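See below for the structure under consideration.
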Amino acid sequence: MNRYDLITPEGTRDLLFEECAAVKSVERRLLGIFSMRGFSEVVTPGLEFYDVFDLKSRYFPPETMYKLVDNKARLMVVRPDSTMPIARMTATRLAAQELPIRLCYSQSVYRNRPSMRGRRDEIRQTGIEIIGSADRRADLEMLSEALEALDSFKTGSSRLELGHIGFFKALLSRLDCDADTKEEIRSLIEFKNFPALGDLLDSIDDPADAAALRQLPRLFGGEEVFEKARLLTGADNAEAENALAELEDIYAQAKALGYSGEITVDLGLVNRMDYYTGIVVKGYIEDVGDAVLSGGRYDRLLSEFGLDMPATGFAVNTDSVARAEMKYADYSVKPVDVIVYGDSAHIPEALTHIKALTAQGLRAESALFGDLGDVREYARSKGIKRIDTVTDTVVTENI
Amino acid sequence: MENRNNKRPLRIALTKGRLEKDTVALLEKIGYDCTAVHEKGRRLILPVGDDMEVVLAKAADVITYVENGVCDLGVVGKDTIMEQNGKFFELLDLRFGRCRFALAGKKGDNFYEGSHIRTIATKYPNIARAFFEKKNMDVDIVKIEGSVELAPLLGLSHAIVDIVETGTTLKENGLEVFEFICPISARLIANTVSLKLRREEIEKLLGEIERELEK
């Protein structure tokens with residue numbers, strides 16, 4: 001029989017020393033930023049009922065969720081996302097709160113992914129949600145927090161990318177084809193699959209809007225994107241024009257937020273079409289093969305929990321950021337400044353001495369040996385430079 | 001620690017074998033020096049031109065390397081993309097490595113006759129499953145690693161789902177194509193972040209390849 005008592009499940013890992021320090025440093029830094037900007041931290045349960053994630057606007061393929069059954073035979077999942085539980089919580093417990101509600105969180109989500117692909121099943125995310133404001137100020141505030149988060153990373157260059165799901169929806173809504181085909185078009189645009197998108201759109205009898213959609217995966221870059229996009233949309237497509245104007249305004253204002261990296265636009269950011277309703281955002285850093293920050297406006301989600309309220313937010317994948325930071329920042333474990341040894345008659349005094357040292361800002365540990373020779377050997381092997389021996393007096397020895 | 005300003009060369013993963021040769025020929029046509037690839041010996045990472053390097057890998061690994069961002073671009077067959085899936089951009093149909101996926105079996109068999117559950121042998125279980133799911137057919141799929149044609153001949157399966165190029169192997173073994181599933185060719189794929197962070201380099205190469213393919 002195989003026993004699995006010495007390994008962790010695929011896609012999960014123990015975090016030791018440097019790795020743990022890096023992840024916690026990123027998390028604390030982000031929570032610090034969010035807290036300073038008026039966000040309150042919340043924690044939602046690791047287990048939720050399946051129904052919380054069985055929504056019209058956000059589809060989680062059932063096979064990607066870790067499921068279990070409670071003692072009443074109800075289907076539960078290990079949370080695959082934090083925004084849905086926070087929406088549930090807001091709609092039920094915070095419905096009477098003054099708006100807007102600013103919440104932040106730092107917790108893991110779990111996705112059952114195809115194994116052996118180098119991807120994680122346990123993903124640590126730290127993020128914010130601004131609930132109850134449809135004002136453009138809320139979008140810009142979210143962006144300014146995203147930019148501050150990106151700027152706080154001790155990594156190579158970063159980049160923020162903006163999109164607007166409304167532009168794509170406006171083009172798509174005028175196309176005469178069924179929902180499955182529309183979903184296929186969306187997926188091909190998301191993955192910038194030029195060849196297949198071209199073939200599919202060739203088969204649709206609507207030259208103008210099909211031509212615009214065909215160009216959508218290429219519509220990324222700087223300011224010039226807006227001009228190109230305007231040329232593609234018919235003058236009569238007011239919805240597309242509005243989305244574009246909103247994005248252009250937000251893009252211009254975001255550039256005035258004092259971010260050190262580059263802000264770009266990608267009109268082909270069309271993931272989760274049913275979930276997002278406006279501005280969408282992704283953040284990238286050098287050396288990481290996937291977006292480390294992702295979010296946007298989702299005005300319909302809360303209504304699925306019975307409270308019709310606009311909202312926006314983003315989450316940072318802190319594991320990826322931490323891994324990238326380890327290349328640039330030193331997270332190695334440092335030995336304590338002092339090791340304190342008390343002889344057998346002075347153990348409480350030695351521990352009290354440690355409190356005095358830490359009060360001075362020195363990191364100090366207690367020697368757990370009965371012999372000063374063993375303490376010296378241990379200190380040498382650990383790289384501890386100072387031994388304080390506590391008897392009736394304290395003797396400091398530098399080694 | 002790595003130097004922040006010292007970017008590594010643009011890295012492109014090639015599927016070893018025929019796609020590798022076709023890609024190298026294409027790169028040479030548009031002016032990249034591929035001498036190192038011709039004289040590779042057993043090396044697997046090779047410089048191409050001044051600011052690019054080629055990584056030689058098995059088809060499925062090309063996707064894995066690109067998906068995880070350790071390679072920026074990759075050349076891989078549509079067959080592998082369909083079988084393995086994943087999160088990357090599929091930028092270009094390179095138009096070489098063309099063949100087709102097909103359902104095939106013993107010559108003269110009527111595959112769709114009768115209500116029994118069919119057994120399908122294939123190297124591509126995901127593609128086979130998706131194909132029959134679309135037809136709302138339950139089938140048993142047996143994964144075979146080598147010559148799939150053997151399975152129906154030995155009576156292990158009713159049919160096979162496999163790549164068909166000329167059809168010679170099928171014919172010589174008394175098999176025939178029942179149905180074509182879809183065409184296949186080599187694709188240029190890109191990591192989702194690389195396309196954004198190294199856009200200029202990638203678009204330059206993309207433009208050069210597109211112009212060459214249009215010729």
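Quick note on labels: first sequence line is chain A, next is B, and so on, each numbered from 1. None of these values were measured; they are calculated from a predicted model.
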* Test log, rule side chain to side chain contact (heavy atoms under 4.5 Å, CB included), inputs A:Val288 and B:Val193 -> CA-CA 8 Å; A:Val288 179; B:Val193 178; over 6 Å; no

* Examine distances only and state if a side-chain atom of B:Asn191 and a backbone atom of A:Gly289 form a donor-acceptor pair shorter than 3.5 Å. => yes

Are more than 12 heavy atoms, taken from residues, nucleotides or ligands other than [X], located less than 6.0 Å from that residue's [atom1] atom?
X: B:Tyr65; atom1: OH; result: no
X: B:Lys134; atom1: NZ; result: no
X: A:Phe17; atom1: CZ; result: no

State the [atom1]-[atom2] distance between [X] and [Y], to the nearest 0.5 angstrom.
X: A:Tyr284; Y: B:Leu195; atom1: OH; atom2: CG; answer: 9.0 Å
X: A:Ile189; Y: B:Phe89; atom1: CD1; atom2: CZ; answer: 12.0 Å
X: B:Leu91; Y: A:Phe191; atom1: CG; atom2: CZ; answer: 13.0 Å
X: B:Ile81; Y: A:Asn193; atom1: CD1; atom2: CG; answer: 7.5 Å

* To do: Output the option from B:Glu90, B:Lys78, B:Glu203 having the highest count of non-hydrogen pairs under 4.5 Å with chain A.
  =>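 If we count pairs closer than 4.5 Å to chain A, B:Glu90 comes out on top.
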
Considering only heavy atoms, which portion of [X] lies under 4.5 Å from any heavy atom of chain A: side chain, backbone, both, or neither?
X: B:Arg187; answer: side chain
X: B:Ile189; answer: neither
X: B:Leu197; answer: both

* To do: With B:Lys196 as the cation and A:Phe220 as the aromatic partner, state whether NZ or CZ is under 6.0 Å from the six-membered ring centre and within 45° of the axis.
  =>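 Yes.
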
* Who among A:Glu262, A:Glu190, A:Lys282, A:Arg159 has the most heavy-atom pairs with chain B under 4.5 Å? -> A:Arg159

* What part of A:Leu188 is in contact with chain B, defined as an atom under 4.5 angstrom from a non-hydrogen atom: side chain, backbone, both or neither? ->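 Neither part, no heavy atoms under 4.5 Å.
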
